[in-house]
K.L.:
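Pasting a structure below so you can have a look.
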Number of protein chains: 2
Amino acid sequence: MPDAADPAPMNARRKFRREGEERRRQDLIEATLDSVAEHGLEGATLRTIALRADVTAGLIRHYFPGKEELLQEAYTALVGRMTEQAKAALVMEDASPRQRLAAFVTANLNAPIIDARVFSLWATFLGRASADPTLARAHREGYLGFRNEVEAVVAEVLAAEQRKPDASQLRHHAIAINAIIDGLWIEGCLAGEMFSPGELAAIGIKTVEAELGLAPEREENQ
Amino acid sequence: MPDAADPAPMNARRKFRREGEERRRQDLIEATLDSVAEHGLEGATLRTIALRADVTAGLIRHYFPGKEELLQEAYTALVGRMTEQAKAALVMEDASPRQRLAAFVTANLNAPIIDARVFSLWATFLGRASADPTLARAHREGYLGFRNEVEAVVAEVLAAEQRKPDASQLRHHAIAINAIIDGLWIEGCLAGEMFSPGELAAIGIKTVEAELGLAPEREENQ
DNA sequence: GGCCTTGTTATGCAAGTGTATAAATAGCCT
DNA sequence: AGGCTATTTATACACTTGCATAACAAGGCC
């Protein structure tokens, strides 16, 4: 029974905790990505983001010059995380190049890289990349890093097969394989339930190996 | 010298012409796509769109129940146009299945299908598809139509080679080829200047034919 | 314990948003 | 030519947006 005897002020100011700077920035970026994934760039308002980070809107301006910068940093963080995860699949000691390539493809065509939320973010930001040079650069760097990684593995695989491709052939292989992975990734993210588990990865490996002209592993149907 | 003698009223009402209903709707949809491509979903306001269509904002409500419906119709129109263009490359009389497949790949990896504006639109809308069932359905239908088209050509090509793939193999080929085209399409749209003219198409044809296990056309390097 | 810094909240504001409604006029019909 | 109707413009409104600024208090320091 809230009455005159109630000692609590009825217009209590919101309680809060001071967090470390890095932690707050991280939380705000995460909240931004969540908001964008759920409501799109249009629906990701400062107030929505702040609410998700359990903070009031004004605080954002204490860490970021403006909304634009927050979005850019969020996208940069996203791209960084994506390529980092992708490359992580490559660090396998004592595995043949061909196995490492297969593992790379498999990793990129399963969770957590195949993920509707990440895809939504990827597409949303990329749609604005053609108009925003900062976003375009963030994407470009991630993309080239990924493709170089692919090219390096391809070179190893072919070397293990005693083949000496020139730079142009290597580049073409990398472009093609990159396209295969990207294309299957999109299909998986958009319509994951249309594929049985592991199906996309199996298709990816087969297609990549065909592109490289590697002999089928064992069974030769048609 | 605009003075008291000037017969023209100083607050003249805007002159306008009455257009046919279909024409106006078409114009408004086109203006919407332009706005979204340039400013993103967030920047595509009714006033911006109306300005581009050379009309005042209120008129939009005369043709569409609300902004959402306008955006949905615009996306549907875009998807329809894209798949239509893609399929158009398939109607070649007296050409071998393999030639038709190659022509299909080539058409999809050159202008006007490789186009930064279309890509921007595609990505922007797709980013919101996971949250908007109407957009998701529009995309799904376009995608399945495209893939069925691919599957049909693949079946013809393999039949011409006396091969009898079962339904599962056919499906896998279609998925893979669709991914190759999509992936290369994205690369071309986002970084067209990194590729020489025709390079993407050449890579696409080679990769697709490798995936299908077709013997190389003539020259056999490694 | 009391103070001081600064992270945090609260409030305000001008600009812009989508939508509703009233007023005007273009162009067809007779 | 003159009237009718529906397309089009104009205006208003309630609400949201990003940003600015002032008030406040959390937590380290002496």
Side-chain angles (χ1 to χ4, degrees), chain A residues 7-32 35-36 38-75 124 128 132 134, chain B residues 7-32 35-36 38-75 124 128 132 134:
Chain A
M10 39 185 305
N11 272 359
R13 196 183 176 88
R14 195 180 198 276
K15 291 284 185 261
F16 63 92
R17 282 199 348 153
R18 301 184 144 187
E19 295 282 359
E21 154 150 6
E22 209 40 55
R23 168 68 186 276
R24 266 280 189 268
R25 291 179 65 90
Q26 208 61 23
D27 282 355
L28 285 173
I29 286 181
E30 206 56 42
T32 303
S35 288
V36 173
E38 190 160 337
H39 309 106
L41 277 176
E42 32 163 0
T45 72
L46 290 182
R47 287 169 176 83
T48 300
I49 294 170
L51 192 67
R52 227 179 248 271
D54 203 44
V55 139
T56 51
L59 185 61
I60 294 181
R61 284 265 317 187
H62 194 260
Y63 288 98
F64 300 90
K67 190 190 182 186
E68 185 135 336
E69 286 82 1
L70 171 60
L71 287 173
Q72 287 167 354
E73 285 209 33
Y75 183 52
T124 301
R128 243 187 58 163
D132 184 335
T134 307
Chain B
M10 38 185 307
N11 269 1
R13 198 183 173 87
R14 195 179 198 277
K15 292 282 188 264
F16 62 91
R17 282 198 351 154
R18 302 184 143 186
E19 295 282 0
E21 155 151 5
E22 208 41 54
R23 169 68 186 275
R24 264 280 134 79
R25 292 179 64 90
Q26 207 63 22
D27 282 355
L28 285 174
I29 285 180
E30 204 56 42
T32 302
S35 289
V36 173
E38 190 159 337
H39 308 106
L41 277 176
E42 32 163 359
T45 73
L46 290 180
R47 286 167 176 84
T48 301
I49 294 170
L51 193 67
R52 241 193 174 80
D54 203 42
V55 138
T56 51
L59 185 61
I60 294 182
R61 284 263 320 192
H62 194 261
Y63 288 98
F64 300 92
K67 191 191 183 186
E68 185 135 336
E69 287 81 1
L70 171 60
L71 287 173
Q72 287 168 353
E73 284 208 33
Y75 183 53
T124 300
R128 244 188 57 163
D132 184 335
T134 307

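In what follows, chains carry the letters A, B, and so on, assigned in the order in which the sequence lines appear, proteins first and then strands, with residues in each chain numbered from 1. Side chains are part of it too, since the values below use all heavy atoms of this structure and drop only hydrogens, waters and symmetry mates. In this text, all values refer to a predicted model and were calculated from it rather than measured experimentally.
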K.L.:
From CZ of B:Arg24 over to C1' of D:dT8, roughly how many Å is that when rounded to an integer?
P.N.:
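Rounded to whole Å, this separation is 8 Å.
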K.L.:
Let me know the distance between CD of B:Glu68 and P of C:dG18, rounded to the nearest Å.
P.N.:
12 Å
K.L.:
Do B:Asp27 and B:Arg23 have side-chain heavy atoms sitting under 4.5 Å apart?
P.N.:
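Yes, close enough: below the 4.5 Å cut-off.
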K.L.:
Across the strands shown, which category fits A:Phe64 at heavy-atom distances under 4.0 angstrom: base, sugar-phosphate, nothing?
P.N.:
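Contact class for A:Phe64: none.
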K.L.:
For DNA chain C, find the residues of residues 38-55 of chain A with a heavy-atom distance under 4.0 Å and give them by number; none if there aren't any.
P.N.:
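Going residue by residue through residues 38-55 of chain A, the ones with a heavy atom under 4.0 Å of DNA chain C turn out to be A:Arg47, A:Val55.
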K.L.:
Expressed as a whole number of angstroms, how long is the span from A:Leu28:CG to C:dG7:C1'?
P.N.:
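In whole Å, C:dG7 C1' lies 12 Å from A:Leu28 CG.
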K.L.:
With sequence neighbours excluded, tell me which residues meet salt bridge (Lys or Arg N to Asp or Glu O under 4.0 Å) with A:Arg25.
P.N.:
A:Glu73
K.L.:
Can a side chain N or O of A:His62 be found less than 4.0 Å away from OP1 or OP2 on C:dG7?
P.N.:
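The answer is yes; a side-chain N or O of A:His62 sits under 4.0 Å from OP1 or OP2.
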K.L.:
Taking five pairs at each end of the helix from C:dG1-D:dC30 to C:dT30-D:dA1, what angle separates the two helix axes (nearest 10°)?
P.N.:
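The two end axes of the helix from C:dG1-D:dC30 to C:dT30-D:dA1 meet at 0°.
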K.L.:
Roughly how many Å is it from OH in A:Tyr63 to C1' in C:dT8, rounded to a whole number?
P.N.:
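It works out to 8 Å between those atoms.
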K.L.:
Nearest-Å distance, CD (B:Glu19) to C1' (C:dG27)?
P.N.:
12 Å
K.L.:
Is the CZ atom of A:Arg14 crowded by more than 12 outside heavy atoms at less than 6.0 Å?
P.N.:
yes
K.L.:
Quick one, give me the B/S/- string for nucleotides 20-30 of chain D, reading 5' to 3', where B means a protein heavy atom under 4.0 Å from the base and S means that only happens at the primed atoms, P, OP1 or OP2.
P.N.:
S--BSBBS---
K.L.:
Name all residues meeting the side-chain contact (heavy atoms from CB on, under 4.5 Å) criterion together with B:Thr32; count only those two or more places apart in sequence or in a different chain, and write none if there are none.
P.N.:
B:Val36, B:Ile49, B:Leu70, B:Leu71, B:Ala74
K.L.:
By side chain to side chain donor-acceptor pair (under 3.5 Å), which residues pair with B:Arg24, not counting sequence neighbours?
P.N.:
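Expected list: none.
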K.L.:
Under the side chain to side chain donor-acceptor pair (under 3.5 Å) rule, collect the residues that match up with B:Gln26, sequence neighbours excluded.
P.N.:
none
K.L.:
Can you measure from CG (A:Leu46) to CG (A:Leu28) and round to the nearest 0.5 angstrom?
P.N.:
10.0 Å
K.L.:
Taking side chain to side chain donor-acceptor pair (under 3.5 Å) as the definition, give me every residue that meets it alongside B:Thr45, ordered by chain and number, with sequence neighbours left out.
P.N.:
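Only B:Thr48 meet the side chain to side chain donor-acceptor pair (under 3.5 Å) criterion with B:Thr45.
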K.L.:
Can you list the residues that meet the salt bridge (Lys or Arg N to Asp or Glu O under 4.0 Å) rule with B:Glu69, with sequence neighbours excluded?
P.N.:
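For B:Glu69 there are no salt bridge (Lys or Arg N to Asp or Glu O under 4.0 Å) partners, ignoring immediate neighbours.
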K.L.:
Below 3.5 Å is the cut-off: list the nitrogen or oxygen pairs between protein and nucleotides 28-30 of chain C, distance only.
P.N.:
none

K.L.:
At what distance, to the nearest 0.5 angstrom, does NE2 of B:His39 lie from OG1 of B:Thr124?
P.N.:
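Here the interatomic distance stands at 12.5 Å.
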K.L.:
With sequence neighbours excluded, tell me which residues meet side chain to side chain donor-acceptor pair (under 3.5 Å) with A:Glu21.
P.N.:
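Result, side chain to side chain donor-acceptor pair (under 3.5 Å) vs A:Glu21: none returned.
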K.L.:
B:Lys67 has an atom NZ; how far is it from atom P of C:dG16, in whole Å?
P.N.:
15 Å
K.L.:
To the closest 0.5 Å, what do you measure between OH (B:Tyr63) and CD1 (B:Ile29)?
P.N.:
12.5 Å
K.L.:
For A:Glu38, give me all partners under salt bridge (Lys or Arg N to Asp or Glu O under 4.0 Å), at least two apart in sequence or on another chain.
P.N.:
A:Arg52
